[in-house]
There are 4 protein chains.
Amino acid sequence: MEAEKRLEKETMILDAAERVFAARGYAATTVKDVAQEAGVATGTVYLYFPSKEELFLALIDRGTRAVLEGIVRARQGKPDVIAKLAASLEGAVRAFSAHRDLARVALLQAPGALPACEERLAQLHRLFADYVAQDLEEARAAGLIPPLDARVAAWAWVGSFAEILLAWVRGDVADLEEVLPGLVAYNLRGIGAPGSRQPQRGQAARSAGPAERRSAGRDQAAAPGGFAAGER
Amino acid sequence: MEAEKRLEKETMILDAAERVFAARGYAATTVKDVAQEAGVATGTVYLYFPSKEELFLALIDRGTRAVLEGIVRARQGKPDVIAKLAASLEGAVRAFSAHRDLARVALLQAPGALPACEERLAQLHRLFADYVAQDLEEARAAGLIPPLDARVAAWAWVGSFAEILLAWVRGDVADLEEVLPGLVAYNLRGIGAPGSRQPQRGQAARSAGPAERRSAGRDQAAAPGGFAAGER
Amino acid sequence: MEAEKRLEKETMILDAAERVFAARGYAATTVKDVAQEAGVATGTVYLYFPSKEELFLALIDRGTRAVLEGIVRARQGKPDVIAKLAASLEGAVRAFSAHRDLARVALLQAPGALPACEERLAQLHRLFADYVAQDLEEARAAGLIPPLDARVAAWAWVGSFAEILLAWVRGDVADLEEVLPGLVAYNLRGIGAPGSRQPQRGQAARSAGPAERRSAGRDQAAAPGGFAAGER
Amino acid sequence: MEAEKRLEKETMILDAAERVFAARGYAATTVKDVAQEAGVATGTVYLYFPSKEELFLALIDRGTRAVLEGIVRARQGKPDVIAKLAASLEGAVRAFSAHRDLARVALLQAPGALPACEERLAQLHRLFADYVAQDLEEARAAGLIPPLDARVAAWAWVGSFAEILLAWVRGDVADLEEVLPGLVAYNLRGIGAPGSRQPQRGQAARSAGPAERRSAGRDQAAAPGGFAAGER
DNA sequence: AATGAATGAGTTTTCATTCAT
DNA sequence: GATGAATGAAAACTCATTCAT
């Protein structure tokens, strides 16, 4: 088979796998499920991927590549390192925002699914954090930000980004684009970037929302009254 | 059986389950594994938990309770809402830091393990975020911080905390206590709290560390050269 | 323990077992179920019966004994062998009719439950049939009935009796006493006993009943139209 | 898979199941046993039947169908309703007599094996009895037999047939064909059909046989001496 | 290359039986 | 004698993987 046709079918299967894994999770998804979703026979999946595990990892790797490319693209032509840093976050969010299924798989299911996968994702997190740390170093060297613990800042940066994506995947955030500016601003303030002192006005009004909206879920796990319960 | 003895044995089994699930993940762990780790027969586990699924959920719920209690305790006697907010984060981190296995289970494996579990954790995340948002509202109302999008700030706050825990679980952060001040400072700056303008000096020197240490992992998933690769 | 008390408790457990086995069947009944129904601990059952299997067999044996006694009692004082034969059938029916649970167990569940049990019941059937055959021999020798194949007559006699009991257990026959005269008459005619030539009048009116009443059940297993379907 | 091949394999598995269930009973038979008897892997059984329970029910249904067809075939071309009735019994006996395993399963094990099965068989018994009752009604309307309680006669008719089959399955009746005329005659006399007054001569001599042959079994469950023991 | 029937190892769960209290 | 917690063997069922067609 010509390489092109092969690649095309491989992509078809990966697309199907992404949908099915996203919907049912790694363990609950059978190779037959994936094959049916892709419209091929069970055995055909094994012509393109050596095992269910490798299929899943290929999915993760494809997603990883897409996000990294999104980041690289977003940084292109940005004037300074701070702008590039901000653009990185935006680029990553946008890369995911077109693929909610991918995000479900990569953020929710992948870490616990397979040891190999956990390791892969750990490396990805480190990679992101290291790049952020590099940017922060560079920004500090250029005098754009004050000295800071770049490690911690990098984890925080990555974590805030991951959490927003998770919230979006869960349906707690409706529109990623809408929250993106606030997220960037938060992190720019976090690293002490100039011109980021004052949070943006005009969004505060919405802030009470979640607290009320979610009262149903609260009584499951927590004492009533929030963190302050039991305090004097 | 007296309630006390029963509880004791239940705890034994939960402890064993925590260790085994942390080490192998939900799907790869068999009930027999848990029983052996606990030093009882397979059937005995079923005398205390009706199914593998319920055993896992009991684990999550126990962890959730412990963390929430840690937060409430940490907030006690703090003078203002900003201090309480900071203390919440510290309390949660400390609650986890005594139980790395719990953290592994709750943060890595639980989300993808079971639909019921995903929902449980989603509620917990919402709960955390809502409480943070409440505190932020209160702080803003008291004039302690400028107006901001409390939702986004809350997600970022929670996410930065979760990411640090993950890094610790993975071994990328050796000592949680050491990084805690930096994490709190980052987030206080993020919300625009006064007196948090300047990052702490003296920690910037360490920041290049992780980037070099982990170079092995990078070539798996990413083009070399950081986000800037491909840029002009 | 004094023998009397022991016997009393044994009876309690057997009574409980009869109820539970009748309701759920042999396989679906656990020893714990029986113990709970009897109001004792699981282990206590094993103080009185060596195994679940033996418990079940003890139940069957008790029932067998009761029925045989009922037969013997019914034959007492009957003038001739034909009357005794008829009385045997009535006695057996009456012995069961006070214990529907016993009948359920002995007729429906026991045969397939255990090889040992199947053998036990087979012997019982043979016993019944042999006795009937003996009576028939005696009746023929006395000139009360014409010569006949006593084996076949004996099986038919026993089978018609068992079937009526089954129908009663299933709820298809409401009152055993009501159908008993017809059953005896049928079998007396079957063996050619004198004075049994004409079926009893006045019952024919009911005879169309079952055919109409049960139409719901029929479409499951049979072609419509009765046995005649497909005939010219 | 073409429907034909599938059906062929399904039949193979059903045949194997019939043998194994007949030999060990429902509860004592494992799916693995059936698979081995059929010469396939355990999982293969599940490709054709969704569960052990459904496999067993399929067996019962197949048997039911075969017997009903045997009955319909036997009735074809019979001159009057009495002849048809007699032919029905003969047809059913012959349908079973080719499949002793089927008879063992359907008559001994099925009733107690599964609630669903009990219900299925109950309907079958009702069906048989209702058809017999219909024939009897018709015969009475045609003046071929005197009025009688058709319900009771129908149960007796079905029961005598079932009992003979059981005896054959147990080995107490060697040749079904041999006893069939006697059985039909017995029941024709039972319903008062004309020309059935005198039992067949020449068979009475055999009748003492079983009673002696089986004396070993008797002492298990019964007092010695027949029903007359204890009588004066 | 593609198919999908067949495989059988492995998992969860049940429950008869035992035995320390 | 009585208890009921503990045991662990066994069974139904699933599904990743193979391979004849």
Side-chain angles (χ1 to χ4, degrees), chain A residues 1-2 5-6 9 13 26-36 38-56, chain B residues 1-2 5-6 9 13 27-36 38-55, chain C residues 1-2 5-6 9 13 26-36 38-56, chain D residues 1-2 5-6 9 13 27-36 38-55:
Chain A
M1 194 191 252
E2 348 154 28
K5 277 212 154 179
R6 185 180 169 86
K9 205 146 197 177
I13 294 173
Y26 179 78
T29 297
T30 70
V31 175
K32 203 181 178 188
D33 289 336
V34 173
Q36 274 174 342
V40 299
T42 312
T44 306
V45 173
Y46 285 84
L47 294 175
Y48 294 85
F49 302 92
S51 70
K52 183 188 176 187
E53 187 165 332
E54 288 294 333
L55 168 62
F56 191 74
Chain B
M1 202 193 236
E2 342 147 37
K5 276 214 153 177
R6 189 184 165 84
K9 202 137 200 181
I13 294 173
T29 297
T30 69
V31 175
K32 205 179 178 186
D33 290 337
V34 173
Q36 273 172 345
V40 298
T42 312
T44 305
V45 173
Y46 285 87
L47 291 177
Y48 294 86
F49 302 94
S51 68
K52 184 188 173 185
E53 184 165 335
E54 287 294 333
L55 169 61
Chain C
M1 194 191 249
E2 351 155 25
K5 276 214 153 178
R6 186 180 167 85
K9 204 147 196 177
I13 293 173
Y26 179 79
T29 297
T30 70
V31 175
K32 204 181 177 188
D33 289 337
V34 173
Q36 275 174 342
V40 299
T42 311
T44 305
V45 174
Y46 284 85
L47 293 176
Y48 292 85
F49 301 92
S51 69
K52 184 189 175 186
E53 187 165 331
E54 288 295 334
L55 168 62
F56 191 74
Chain D
M1 203 191 233
E2 340 148 38
K5 277 216 152 177
R6 188 183 167 84
K9 203 138 201 181
I13 294 173
T29 297
T30 71
V31 175
K32 205 180 178 185
D33 290 337
V34 173
Q36 274 173 344
V40 299
T42 311
T44 305
V45 175
Y46 286 89
L47 290 178
Y48 293 85
F49 301 93
S51 67
K52 184 188 174 185
E53 183 166 336
E54 288 295 333
L55 168 62

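Everything quoted here is computed from the prediction, not taken from an experiment. Quick note: numbers below take in every heavy atom, side chains included, and nothing from hydrogens, waters or symmetry partners. Quick note on labels: first sequence line is chain A, next is B, and so on, each numbered from 1.
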Quickly work out the D:Glu2 CD to E:dA5 P distance and round it to whole Å.
11 Å
On a heavy-atom basis, the closest approach of D:Ala27 and C:Ala27 is CB-CB, 4.3 Å
Hey, does B:Phe49 reach any base, or is it just sugar-phosphate, or nothing, if we go heavy atoms under 4.0 Å?
nothing
Nucleotide F:dA2, atom C1' - distance to CZ of C:Arg6 in whole Å:
13 Å
Dot-bracket assigned to DNA chain F with the 3.5 Å Watson-Crick/G-U criterion, [ ] for crossing and | for other-strand pairs, is .||||||||||||||||||||
Interatomic distance where CG belongs to B:Asp33 and P belongs to E:dT13 [whole Å]:
14 Å
Would you mind reading off the distance between C:Gln36 atom CD and F:dT3 atom C1', rounded to a whole angstrom?
13 Å
It should be established whether A:Lys9 places a side-chain nitrogen or oxygen under 4.0 Å from OP1 or OP2 of nucleotide E:dA1.
no
Can you tell me the distance, in whole Å, between the NZ atom of A:Lys5 and the P atom of E:dA1?
12 Å
Tell me which donor-acceptor pairs under 3.5 Å the side chains of residues 47-54 of chain D have, and how far apart each pair is, sequence neighbours excluded?
unit_1: D:Ser51; atom_1: OG; unit_2: D:Glu53; atom_2: N; d: 3.4
unit_1: D:Ser51; atom_1: OG; unit_2: D:Glu54; atom_2: N; d: 3.1
unit_1: D:Lys52; atom_1: NZ; unit_2: D:Tyr26; atom_2: O; d: 3.0
unit_1: D:Lys52; atom_1: NZ; unit_2: D:Thr29; atom_2: O; d: 2.8

Nearest whole Å is fine: how far is F:dC15 C1' from A:Leu55 CG?
15 Å
How many angstroms lie between atom NZ of C:Lys5 and atom NZ of C:Lys9, to the nearest 0.5 angstrom?
8.0 Å
Does D:Tyr48 put a side-chain nitrogen or oxygen below 4.0 Å from OP1 or OP2 of E:dA5?
no
Minimal heavy-atom distance between C:Asp33 and C:Ala28, with the atoms involved, is OD2-O, 3.9 Å
Qualifying residues under side chain to side chain contact (heavy atoms under 4.5 Å, CB included), relative to D:Ala38, sequence neighbours excluded:
D:Ile13, D:Ala16, D:Val40
Produce a footprint string for nucleotides 16-21 of chain F: one letter per nucleotide, 5' end first; B if the base is under 4.0 Å from any protein heavy atom, S if only the sugar-phosphate is, - if neither.
SBB---
Would you mind telling me which of E:dT3, E:dT7, F:dG4 lies closest to the side-chain atoms of D:Ala41?
E:dT7
Could you check B:Val40 against D:Thr44 and say which one's nearest nucleotide on DNA chain F is further toward the 5' end?
B:Val40
